[in-house]
Amino acid sequence: MTRVRFAPSPTGFLHIGGARTFLFNWLYARKLGGTVVLRIDDTDTLRSTDASLQSILQGMEWLELDWDEQYYQSKRLQLHIDAAHALLKKGAAYRDFVPASTDDPKDHSETKVSWTCNPGERERSVEESDRLAAEGKPFVIRFRVPREDPKGVAFKDMVFGKQFRKYVDMEDFALLRSDGNPTYHLATCVDDGDLKITDILRGQDHLTNTFKHVLIFEALGYETPTFGHMPLLLGPDGSKLSKRKHGPIVSVTNYRDAGFLPQAFINFISLLGWSSKDNQEVFSLEELRAKFNAADILRTNSIVQFDENDAVNWAPPKAVWLNGQHLRSMPVEKLIKYVNPELIKAGWWQDEFEGDPDILKKIDAIRSRFNMLGEFQQRGAAYFCDEFPTEDKAVENLDKDNARELLRGLADPLEALADFSHDTVEATLRAYAEEKGVKAGLLINGSRAALTGQSVGPSAFEVFDLIGQEKAVQRLRAV
RNA sequence: GGCGCUAUCGUCCAGGGGUCUAGGACAGGGCCCUCUCAAGGCUCAGACACGGGUUCAAAUCCCGUUAGCGCUACCA
């Protein structure tokens, strides 16, 4: 039984890289009928906040990807501590009484020699170690890497293939800090082992950590999961995408607020570091689930092309295009779930709209020109209410020749129409144009301007049909 | 410094010894369609990091260089 996990730390909002990790794990598990576990890695009590947790949950909810089990790492603390002591008892770990180094860990000066352990600490006898501990001397528990063994750790990565690291190149990493709290490595492995996680898809930044993790799994007697490491997401400047450096633009909720459809956002991030190999780019979630294959995950980092300096058009162009694709192809019945909130926000919503086929028809007609949900608010006024602005370009169309007078005159034959439809309106308008000796285009573009206040939009005859006879006639007479 | 990982158009991805005068998508230019704007169709421009090998043949395999990234914490 496949079990995957997504383990975010609630130290900020859900960011795009986290969303992709979640998505890939979800696709992987759901394709195999497996279980998705959400584990909140909230052991960093200093940085973890409830606001962050809520924000992450909100982001995940928006994505509409579900999970089956949920845990909080902070509630599993004793398990981690017990594991550290079990390893100590087995001799797989030892106490190190040397105080934490105050050196800057970022200092990689040329003089720095590679560090593997504090001399003398791992050789101390159990009796001596126990005695010092009993005296109350602070210590850290470290994993005893079998450095005398010339071999090393090997595992097969789903993405990167065979991986190997010699024991001599590995340091005796910490398991339990001197304050009694487990390190990330320990906590994550104990939880993954205890929760019987079978497959782990995570960021490539953990590729070299995995050697340590394999050691922990084996020493603890857990089944070692299968790993797959994904390439990192980089900012336009080529540096690793981070909240600190790239700001709120990497937040998933930002995409939601910008008017993205979750399906399109998912489609977009699925294309970052993965491809179906057949050049298909537009995918529904179902198609993704069917086509996703961890072996097809790329090994190269990819740049997310957003523009942090542009408050309006910051979103990656391809994401915007994909959103348009989804906006257009999604069944309208499904789309209204995302459009209705826009109508509500704009203040146009009326209860009669609910289930009204005319509303569906309007949405269907105007959506083909939109890329973002927000455009329904920005450019949909004339279709959903009687108060709408008239754009400058539309005014120009109305001011052409004696367009206004002609349009007012056009209202009469249209009002007289018994069957008011796209075709009858077209016939009427063209006949009227001929009668008046003007080009039909003048009245066509003028009509759109009069009915919608816009110079651009759906076919004018479609607009008549959408607006309806009564209102169309009113609007023509009002020019 | 040590140990790894990676390197194809501006960006995201195909191609993984001959079918490559390197394919698709986004963005950009042009044309068509057309009542406008989109959409759609067609089209132009645009890349194998560099240097050595191996081979009849290298974008593809090997080595090196360079660059980027990761790990090298009692961060995660």
Residue A:Val140, side-chain atoms from C-beta onward, closest of B:A14, B:U36, B:C74 = B:C74
salt_bridge(A:Lys318, A:Glu281) N-O dist < 4.0 Å = yes
Heavy atoms under 4.0 Å, any strand shown: does A:Asn209 hit a base, just sugar-phosphate, or nothing?
-> base
Could you tell me whether the side chain of A:Tyr432 and the main chain of A:Leu406 form a donor-acceptor pair under 3.5 Å?
-> yes
Which is true for A:His185 with a 4.0 Å heavy-atom rule: it touches a base, it touches only sugar-phosphate, or it touches nothing?
-> base
Look only at the side chain of A:Gln325 and the backbone of A:Leu327, and say whether a donor-acceptor pair between them is shorter than 3.5 Å.
-> no
Euclidean distance for C1', B:U11 against B:C74 (whole angstrom) = 41 Å
Considering only atom C1', compute the distance from B:C20 to B:C48 and round it to an integer number of Å.
-> 10 Å
Pairing partner (Watson-Crick or G-U wobble, both distances under 3.5 angstrom) of B:U65 | B:A49
Whole-Å distance, A:Asp169 CG to B:G70 C1', equals 15 Å
Classify the side chain of A:Lys318 versus the base of B:C12 as yes if they form a donor-acceptor pair under 3.5 Å and no if they do not.
-> yes
Closest to the 5' end of RNA chain B, once A:Pro317 and A:Thr300 are matched to their nearest nucleotides, is A:Thr300
A:Ile303 CD1 to B:C69 P: how many Å, rounded?
-> 11 Å
Which residue lies more 5' along RNA chain B, comparing A:Ala319 with A:Ile444 via nearest heavy atoms | A:Ala319
May I ask you to say what A:Phe139 touches in the nucleic acid, namely base, sugar-phosphate or nothing, with a heavy-atom cut-off under 4.0 Å?
-> nothing
Determine whether any donor atom in the side chain of A:Glu281 lies under 3.5 Å from an acceptor atom in the base of B:G24, or the reverse, and answer yes or no.
-> yes
Ignoring the backbone of A:His206, work out which of B:A76, B:C35, B:C3 is nearest its side chain.
-> B:A76
Side chain of A:Arg47 (C-beta onward), nearest among B:C74, B:C37, B:A76 = B:A76
Pick the C1' atom in B:A27 and in B:C50, then give their distance to the nearest Å.
-> 29 Å
B:C61 and B:G15: how far apart are their C1' atoms, nearest whole angstrom?
-> 16 Å
When we call it a touch if two heavy atoms are under 4.0 Å apart, what does A:Leu298 touch: a base, just sugar-phosphate, or nothing?
-> sugar-phosphate
A:Arg430/A:Glu434 ion pair, N-O < 4.0 Å | no
Who pairs with B:A14 - Watson-Crick or G-U, where each distance is under 3.5 Å = none
Tell me: CZ of A:Arg20 to C1' of B:C12, nearest whole Å?
-> 12 Å
Minimal heavy-atom distance between A:Asp44 and A:Arg47, with the atoms involved, is OD2-NE, 2.9 Å
Ignoring the backbone of A:Gln305, work out which of B:U72, B:U11, B:C3 is nearest its side chain.
-> B:U11
Taking the six-membered ring of A:Phe370 as reference, does the NZ or CZ atom of A:Arg379 fall below 6.0 Å from its centre and within a 45° cone about the axis?
-> no
Which of the following nucleotides, B:A25, B:C5, B:C69, is nearest to the side chain of A:Trp321?
-> B:A25
When all nucleic acid strands are considered with a 4.0 Å heavy-atom cut-off, which category describes A:Pro99: base, sugar-phosphate, or nothing?
-> base
Here the distance between atom C1' of B:G24 and atom CD of A:Gln280, to the nearest Å, is 12 Å
Check whether any side-chain N or O of A:Ser302 sits under 4.0 Å from OP1 or OP2 of B:C13, and answer yes or no.
-> yes
Of all the choices, B:C3, B:C5, B:U36, which nucleotide is nearest to the side chain of A:Phe160 once you look at every atom?
-> B:C5
Considering only the C1' atoms, how many Å lie between B:U55 and B:C63, rounded to the nearest integer?
-> 16 Å
Is any side-chain N or O of A:Thr208 closer than 4.0 Å to OP1 or OP2 of B:G70?
-> no
Considering only atom P, compute the distance from B:C13 to B:U21 and round it to an integer number of Å.
-> 26 Å
Identify the residue among A:Arg124, A:Arg122, A:Lys137, A:Arg142 that makes a salt bridge (charged side-chain N to carboxylate O under 4.0 Å, His left out) with A:Asp96.
-> A:Arg142
Pick the P atom in B:G10 and in B:A45, then give their distance to the nearest Å.
-> 15 Å
Heavy atoms under 4.0 Å, any strand shown: does A:Ser9 hit a base, just sugar-phosphate, or nothing?
-> sugar-phosphate
Counting only distance, no hydrogens or angles, is the base of B:C35 paired donor-acceptor with the side chain of A:Ser459 under 3.5 Å?
-> yes
In Watson-Crick or G-U wobble terms, both distances under 3.5 Å, what is the partner of B:C71?
-> B:G2
Donor-acceptor pair, side chain of A:Glu121 and main chain of A:Phe97, under 3.5 angstrom = yes
May I ask you to say what A:Glu171 touches in the nucleic acid, namely base, sugar-phosphate or nothing, with a heavy-atom cut-off under 4.0 Å?
-> sugar-phosphate
Heavy atoms under 4.0 Å, any strand shown: does A:Ala440 hit a base, just sugar-phosphate, or nothing?
-> nothing
Would you say B:U6 has OP1 or OP2 under 4.0 Å from some side-chain N or O of A:Arg299?
-> yes
Pairwise P distance for B:C26 and B:U43, with rounding to whole Å | 14 Å
Counting heavy atoms from C-beta on, name the nucleotide in B:A76, B:A14, B:A39 closest to the side chain of A:Arg328.
-> B:A39
Atom pair distance, as rounded to whole Å: CD1 in A:Ile297 and C1' in B:C13 = 14 Å
What's the shortest heavy-atom distance between A:Leu288 and A:Ser270, and which atoms?
-> CD2-OG, 3.6 Å
Take atom CG of A:Asn323 and atom C1' of B:A39, then tell me their distance rounded to the nearest Å.
-> 15 Å
So what does A:Gln325 touch, heavy atoms closer than 4.0 Å: a base, only the sugar-phosphate, or nothing?
-> sugar-phosphate
Please work out if A:Val159 contacts a base, only the sugar-phosphate, or nothing of the nucleic acid, heavy-atom cut-off 4.0 Å.
-> nothing
Assign A:Pro236 to base, sugar-phosphate, or nothing according to its heavy-atom contacts below 4.0 angstrom with the strands shown.
-> nothing
So which nucleotide from B:C74, B:C69, B:C35 ends up closest to the side chain of A:Arg142?
-> B:C74
Classify the nucleic acid contact of A:Gly273 as base, sugar-phosphate or nothing, counting any heavy atom under 4.0 Å across all strands shown.
-> sugar-phosphate
Base-pairing mate for B:U19 - Watson-Crick or G-U, with both contacts under 3.5 Å | none
Assess whether one donor atom and one acceptor atom, taken from the side chain of A:Lys277 and the base of B:A14, lie less than 3.5 Å apart.
-> no
